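Reading through the structure tokens given below for one structure.
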Amino acid sequence: MLQRLRHAEIMRRIRLSGATSVSDLASQLGVSPSTIRRDLEVLDRDGTLRRVRGGALLLDGGLLGSGVSVDADADRPFAEVAEVDEQDKEAVAVRAAELVRDGDVVLLDIGTTTMRLARRLRGRRVTVVTSSLAVLDVLRADPEVELLLLGGAVRRPYHSLVGVLTEAALSQVVADRVFLGASGVRPDGQLVDTTLAEVPLKRAMIAAAGQVVLLVDRHKFPGTGALRVCGPDDIDVIVTNQGADEATLRNCAAAGAEVLLT
């Protein structure tokens, strides 16, 4: 992983939790602890975070410290996010595609994993409804897929549509299933997110679908975020990777979710 992408991912994880350790970051990013230590020293010199013994802390920063993003332009570019944990995301997308049947109407949430799922739906006789411009780019030329794009305000850094127009359009949708993304899943199974504009859309997608399928790679178990999307009892199926936190997955399964591991 390039240094700039690694730095961006380190900051994402610290924004979610407020603090992190060298050992956790090394494991999550697949690099050596010495590499992480050098990264943290650079970010500390830049004034981006505060280096402490064994890890780093987020600097005081209001909403930033709470993990809530209200300014879409402050988000990381979509292309950077897409390059993080690529193999895990691809494995989740491959397994999720197996849940789709010909003739289905599926809602695809925004995100880099749902974009990968869209690639797996090319050539399939399905209807895809989405607020993701990335999904639009993947499927726009496919004659087999019927593609319905929800309207709304363009959130440029993350290639998505948001706002009241998007929510209003979702109220007219009846889907067989929604493939949902999230910032993380808390240890008690609560689904959380960090972006204010996306939470009402995720809730509207849940309401519009007969089945709710959560697509999250193993690094988001457990995860943190200041904004609650839904409880574990609202999720029907979870698709994630081997290595996801077992206690969190058990709590989700206890609430009724089927857990599919790749």
Side-chain angles (χ1 to χ4, degrees), residues 9 12-21 24-25 27-28 58 63 65-69 81 84-85 88-100 106-114 116-117 131 167 170 175-262:
E9 182 61 13
R12 184 183 77 86
R13 294 178 188 274
I14 292 180
R15 286 188 184 106
L16 289 175
S17 61
T20 190
S21 69
D24 283 348
L25 286 172
S27 174
Q28 291 163 356
L58 185 69
L63 285 175
S66 71
V68 181
S69 170
V81 179
V84 176
D85 302 324
D88 289 334
K89 292 175 180 177
E90 186 65 23
V92 167
V94 170
R95 183 66 181 89
E98 296 173 1
L99 302 178
V100 180
V106 296
L107 261 169
L108 294 190
D109 193 8
I110 68 157
T112 57
T113 305
T114 50
R116 291 176 179 274
L117 172 57
S131 59
E167 294 172 50
L170 276 167
D176 294 297
R177 56 186 51 81
V178 58
F179 291 95
L180 202 67
S183 297
V185 182
R186 294 179 63 86
D188 62 359
Q190 298 288 317
L191 187 63
V192 292
D193 208 87
T194 59
T195 306
L196 196 62
E198 299 293 349
V199 172
L201 299 183
K202 293 180 188 294
R203 292 173 179 168
M205 287 184 176
I206 291 170
Q211 184 186 55
V212 179
V213 183
L214 179 62
L215 305 185
V216 280
D217 66 69
R218 61 191 174 93
H219 302 292
K220 295 181 179 180
F221 287 89
T224 58
L227 302 171
R228 179 183 183 274
V229 176
C230 67
D233 51 328
D234 294 309
I235 305 298
D236 298 303
V237 181
I238 296 172
V239 185
T240 190
N241 314 108
Q242 296 280 353
D245 183 71
E246 293 184 1
T248 304
L249 291 177
R250 282 197 299 271
N251 288 333
C252 293
E258 179 184 4
V259 178
L260 303 178
L261 299 177
T262 66

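For clarity, every value in this text was computed on a predicted model and none was experimentally measured.
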| side chain to side chain contact (heavy atoms under 4.5 Å, CB included) evaluation trace for V92 with N241 | CA-CA 7 Å; V92 167; N241 314 108; 3.6 Å; yes
Minimal non-hydrogen separation, [X] against [Y], with atom names:
| X | Y | answer |
| --- | --- | --- |
| R218 | T240 | N-OG1, 3.4 Å |
| L107 | L170 | CD2-CD2, 3.8 Å |
| L215 | A96 | CD2-CB, 3.5 Å |
| H219 | Q28 | CE1-O, 3.3 Å |
| L249 | L261 | CD1-CD2, 4.0 Å |

Quick one: does [X]'s side chain have a donor or acceptor within less than 3.5 Å of a partner on [Y]'s backbone?
| X | Y | answer |
| --- | --- | --- |
| T113 | K89 | no |
| D109 | G181 | yes |
| N251 | T248 | no |
| K220 | A182 | yes |

| said: One pair to check against side chain to side chain contact (heavy atoms under 4.5 Å, CB included): C252 and V185. What are the steps and the verdict? | reply: CA-CA 9 Å; C252 293; V185 182; 4.0 Å; yes
| task | Run the numbers on L260 and L99 for side chain to side chain contact (heavy atoms under 4.5 Å, CB included), then give the verdict. | result | CA-CA 11 Å; L260 303 178; L99 302 178; 4.0 Å; yes
| query | Is atom CD of E246 surrounded by more than 12 heavy atoms (other residues, nucleotides or ligands) closer than 6.0 Å? | reply | no
| query | Just how far is it from atom CG of L191 to atom CG of D234, taken to the nearest 0.5 Å? | reply | 9.0 Å
| request: Identify which one of V212, I206, L214 satisfies the side chain to side chain contact (heavy atoms under 4.5 Å, CB included) criterion when paired with C230. | output: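 Exactly one candidate clears the test, I206.
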If you define the side chain from C-beta out and look only at heavy atoms, does anything of [X] sit under 4.5 Å from [Y]?
| X | Y | result |
| --- | --- | --- |
| P232 | D188 | no |
| L117 | V106 | no |
| D176 | Q211 | no |

| request: Carefully, step by step, assess L201 and E198 under the rule side chain to side chain contact (heavy atoms under 4.5 Å, CB included). | output: CA-CA 5 Å; L201 299 183; E198 299 293 349; 3.8 Å; yes
